[in-house]
Engineer: 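The structure is given below, and queries will be raised subsequently.
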Amino acid sequence: MLAGKRILLIIGGGIAAFKVPQLIRLLRAEGAAVTPVMTAGAGEFVTPLTISALAGEKVYTDLFDLTNEAEMGHIQLSRVADLVVVAPATADLMAKMAGGLAGDLASTLLLATDTPVLLAPAMNVRMWLNPATQRNLAALKGDGVLFTGPDDGDMACGEHGPGRMSEPEVIMQAIRDHLGQGPLTGKKVLVTSGPTHEPIDPVRYIANRSSGAQGTEVARALVRLGAEVTFVTGPADVPPPDGVILRRVETAQQMLDAVEAALPVDAAVFAAAVADWRVASASGSKIKKQNGALPVLEFAENPDILASISQLSDGRPPLVVGFAAETDEVIAHATAKRQRKGCDWILANDVSPETGIMGGTENAVTLISDEGAESWPRMGKRDVARRLAAKIAETLTK
Ligand code: C5P
């Protein structure tokens, strides 16, 4: 149910932290990955060793841990997850969040994240009912923060009333409710990614420098919004995202076959860098050196997958998106390409070597549609992907 999902689990310092190991076990049992973060107080109630052993991952505790910064900066850490869960959410953590404080790792992540946040509050009943906490609760709800609990009942401190942390099963249900429902739930989307390899003979091939990074992020962003994603990828440098229907291919022809087999879909995003040509008759055995005589390769044109799917008379996806990697006159060339191929949108980018975009982590794109050209600022490939996925969701749910 939660396969392919990642939870950034922030553990606050309260007695209810004793329920967190059980929560981690339930999350793992449903296939979720858990990145644990503990406040200094949390370590008084549950040990980092227990948490990391159950999560199967390193526990992050300190904002100024330089090893962590070298591995993963706190901003990046705040963005790795599909959902941030704070359990137990103490009065102190809620106040820090409501006030926008960032004095330790947990509060910094909560201030920096662009991911939905779910709080499972736990505190003494008087602390919960205190007007300050209730003010913070109202402010956080207004900011779009999600809540589960607290429950009514006997408390560890001997008092009775609201303030007990929701049981792990109840927190699980809140997580499922949130992650199972995105604007693209029930929609099928196809994404192509990576380069293609066109064989010359059994050991040699023609390829290109595409890493597959942008297509992978697009697929990941669509999964995050609830889509069922078929991910057709050539031999990419980056691993495929979790939670997709994975179709690995090598050549353009295989990619076209896999794309056609994935239809019908509600939207298709063609981010692969498909080789334009293949060797017309690839040799079945390794071509040998022949005393200075050079082999002559004859080329044949590969199918244009984007164009053929865009121009299907039967079963054309309602939304077809292409990418255009250009080195000059980006907008003019991409606009012409959109017309020629017959797709709905083109995301055009400048891949001249000085931009560092090809194989890099950032992208600067212009979205070309029938409404004209919309230039997006230079941003990480993940952010480009999330913006594109949000736009796809908006269009498909109109
Ligand atoms: O023609 P060009 O390669 O610049 O077009 C780029 C767009 O077309 C990308 O979306 C790419 O995935 C798609 N394409 C394709 N099949 C090809 C060539 C390009 O799907 N043979």
Side-chain angles (χ1 to χ4, degrees), residues 190-219 230-241 244 246-263 268-287 294-312 317 320-330 333-334 336-343 345-353 355-360 363 365 381:
L190 165 77
V191 179
T192 70
S193 184
T196 62
H197 285 184
E198 307 296 334
I200 297 170
D201 66 18
V203 296
R204 304 183 180 96
Y205 58 83
I206 294 170
N208 59 65
R209 293 186 193 281
S210 165
S211 62
Q214 185 65 77
T216 299
E217 289 299 348
V218 169
T230 302
F231 185 64
V232 181
T233 180
D237 294 341
V238 299
V244 296
L246 182 61
R247 300 282 179 258
R248 289 186 196 272
V249 298
E250 296 250 323
T251 67
Q253 186 57 53
Q254 290 167 356
M255 188 172 273
L256 176 63
D257 293 344
V259 163
E260 286 175 342
L263 299 179
V269 181
F270 294 92
V274 184
D276 289 318
W277 311 282
R278 66 178 178 278
V279 177
S281 43
S283 170
S285 53
K286 187 182 170 194
I287 302 172
L294 299 176
V296 176
L297 298 181
E298 243 184 72
F299 288 94
E301 197 155 343
N302 264 335
D304 189 317
I305 305 169
L306 172 63
S308 56
I309 300 302
S310 297
Q311 291 164 27
L312 281 178
V320 180
V321 183
F323 277 76
E326 306 285 350
T327 52
D328 59 306
E329 297 200 50
V330 176
H333 284 154
K337 189 169 284 180
R338 175 175 170 268
Q339 289 294 335
R340 203 166 57 240
K341 304 236 186 191
C343 58
W345 301 347
I346 283 258
L347 280 183
N349 55 357
D350 184 347
V351 292
S352 11
T355 64
I357 283 174
M358 200 88 171
N363 210 346
V365 305
K381 288 182 175 173

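Computed from a prediction, not measured in an experiment: that's the story for all the values here. For the single chain, residues carry numbers from 1 onward in sequence order.
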Engineer: Of all heavy-atom pairs between N208 and A273, which one has the smallest distance, and what is that distance?
Structural biologist: ND2-O, 2.9 Å
Engineer: Holding to side chain to side chain donor-acceptor pair (under 3.5 Å), I want the full list of residues that pass it with E250, two or more places apart in sequence or in another chain.
Structural biologist: none
Engineer: For a 4.5 angstrom cut-off between non-hydrogen side-chain atoms, does S308 reach L256?
Structural biologist: yes
Engineer: Nearest 0.5 Å please: distance from the CZ atom of R338 over to the OG atom of S310.
Structural biologist: 10.0 Å
Engineer: Please enumerate all residues that pass salt bridge (Lys or Arg N to Asp or Glu O under 4.0 Å) together with E198, with sequence neighbours excluded.
Structural biologist: none
Engineer: Taking side chain to side chain donor-acceptor pair (under 3.5 Å) as the test, write out the residues that go with D201, two or more places apart.
Structural biologist: R204
Engineer: Sequence neighbours left out, what passes side chain to side chain donor-acceptor pair (under 3.5 Å) with K381? Give chain and number order.
Structural biologist: none
Engineer: Heavy atoms only: give me the nearest G212-A236 pair and the separation to one decimal.
Structural biologist: CA-CB, 4.1 Å
Engineer: A334: which residues meet the side chain to side chain contact (heavy atoms under 4.5 Å, CB included) condition with it, sequence neighbours left out?
Structural biologist: A324, I346, A348, I368
Engineer: Partners of S193 by side chain to side chain donor-acceptor pair (under 3.5 Å), sequence neighbours excluded?
Structural biologist: none
Engineer: What heavy-atom pair brings P199 and A282 nearest, and what distance separates the two atoms?
Structural biologist: O-CB, 3.5 Å
Engineer: Any chance you could measure F270, atom CZ, to C343, atom SG, to the nearest 0.5 Å?
Structural biologist: 9.5 Å
Engineer: Give every residue pair that meets the side chain to side chain donor-acceptor pair (under 3.5 Å) criterion with at least one member in residues 230-240, sequence neighbours excluded.
Structural biologist: none
Engineer: Identify the heavy atoms of P202 and G284 that sit nearest to each other, and give their distance.
Structural biologist: CG-O, 3.2 Å
Engineer: Can you list the residues that meet the side chain to side chain contact (heavy atoms under 4.5 Å, CB included) rule with L297, with sequence neighbours excluded?
Structural biologist: I200, V279, F299
Engineer: Do any pairs count as a ring pair (Phe, Tyr, Trp, His ring centres under 6.0 Å) and have a residue in residues 195-217, sequence neighbours left out, and if so which ones?
Structural biologist: H197-Y205
Engineer: Testing T192, L306, V269 for side-chain contact (heavy atoms from CB on, under 4.5 Å) with F323, which one passes?
Structural biologist: V269
Engineer: What pairs with P240 under side chain to side chain contact (heavy atoms under 4.5 Å, CB included), at least two apart in sequence or on another chain?
Structural biologist: F231, L246, R248
Engineer: What heavy-atom pair brings A252 and I305 nearest, and what distance separates the two atoms?
Structural biologist: O-CD1, 3.7 Å
Engineer: Contact between T196 and T251 at the side-chain level, heavy atoms closer than 4.5 Å - yes or no?
Structural biologist: no
Engineer: Only counting residues at least two apart or in another chain, list the ones meeting side chain to side chain contact (heavy atoms under 4.5 Å, CB included) with D350.
Structural biologist: V330, S352, T355
Engineer: From I309 CD1 over to K341 NZ, what is the distance, rounded to the nearest 0.5 angstrom?
Structural biologist: 12.0 Å
Engineer: Could you name each residue pair satisfying side chain to side chain donor-acceptor pair (under 3.5 Å) that touches residues 270-285, not counting sequence neighbours?
Structural biologist: R278-N302
Engineer: Under 4.5 Å between any side-chain heavy atoms of D328 and H333, yes or no?
Structural biologist: yes
